[in-house]
Amino acid sequence: MGQDYRHANTSVTLINYHFVWIPRRRQPVLVGQVAQRFEELLRAKAIELDCQIIALEVMPDHVHLFLNCPPTVAPSNIMHRLKGATAYKLRDEFPHLKKLPSMWTRSFFCSTAGNVSSETVKRYIENQKTR
């Protein structure tokens, strides 16, 4: 997956986004059960948005996500929905996260595969924890 084209009635697309975002104040809160639950929530929300996760790495203070997305959803809308849903449920289930003014910062990084192949981006994300 990742290099498979999406076929719809009127289009054929291959749209892969590499997203990176951080918790508020870059706090290392994505550990243990919080990280596990976050990953579950993220995967469920991606399915709901008709996005397919190509690669995902949850670090204590940031997240790398490589998604294959339909052309009908803008990158900013994807981030808004992923951050909103995960923040709401994580803060509800883990009260210590309510000490942060919000779960996520408003900013994020987004890039398409561009000059490098999707496989290169996927390998980069998978190797994050070995650095």
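Because the structure is predicted, anything quoted here is derived from the model rather than measured.
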Give the minimum heavy-atom separation between E48 and R81, together with the two atoms involved.
-> OE2-NH2, 3.6 Å

Check salt bridge (charged side-chain N to carboxylate O under 4.0 Å, His left out) between E126 and all other residues, then give those that pass, not counting sequence neighbours.
-> none

Residue pair V121 / N16, side-chain heavy-atom distance below 4.5 Å = no

Nearest heavy-atom contact between P60 and P23 is O-CG, 4.5 Å

With the side chain counted from C-beta on, respond yes when L49 and L82 share a heavy-atom pair under 4.5 Å apart, and no when they do not.
-> yes

Shortest non-hydrogen pair, W104 vs I22, comes out as CE3-O, 3.6 Å

Look up atom NZ in K83 and atom OG in S107, then write down how far apart they are to the nearest 0.5 Å.
-> 6.0 Å

Does any non-hydrogen side-chain atom of R6 lie less than 4.5 Å from one of D50?
-> yes

L67 vs I53 side-chain heavy atoms within contact, under 4.5 Å | yes

Heavy-atom distance under 4.5 Å between the side chains of K99 and Q27, does that happen here?
-> no

Look at atom NZ of K45 and say whether more than 12 heavy atoms of other residues, nucleotides or ligands are closer to it than 6.0 Å.
-> yes

Can you tell if the side chain of V73 reaches within under 4.5 Å of the side chain of C51, non-hydrogen atoms only?
-> no

Report the distance from atom OH of Y5 to atom CG of N68, rounding to the nearest 0.5 Å.
-> 11.0 Å

Side chain to side chain, V29 and M103, heavy atoms closer than 4.5 Å = yes

Closest heavy-atom contact between T105 and R25?
-> CG2-N, 4.4 Å

ring-ring contact (aromatic ring centres under 6.0 Å, His included) partner of H64, the single match among Y17, W21, Y124, F108 = Y124

Distance (rounded to the nearest 0.5 Å) between E57 CD and E39 CD | 8.0 Å

Between CD1 on residue I54 and CD on residue E119, distance to nearest 0.5 Å = 9.5 Å

Identify the two heavy atoms, one from L100 and one from R91, that lie closest to each other, and give their separation to 0.1 Å.
-> O-NH1, 3.0 Å

Taken to the nearest 0.5 Å, the spacing of Q33 CD from E93 CD works out to 10.0 Å

Would a hydrophobic clustering, with Ile, Leu, Val, Met, Phe, Trp and Tyr connected at side-chain separations under 4.5 Å, put L65 with M59?
-> no

State plainly whether one hydrophobic cluster holds both F38 and L97, where clusters connect Ile, Leu, Val, Met, Phe, Trp and Tyr through side-chain heavy atoms under 4.5 angstrom apart.
-> yes

Closest non-hydrogen atom pair, A55 against I125 | CB-CG2, 3.9 Å

Rounded to the nearest 0.5 Å, what separation is found between the CG atom of L56 and the CD atom of Q128?
-> 11.5 Å

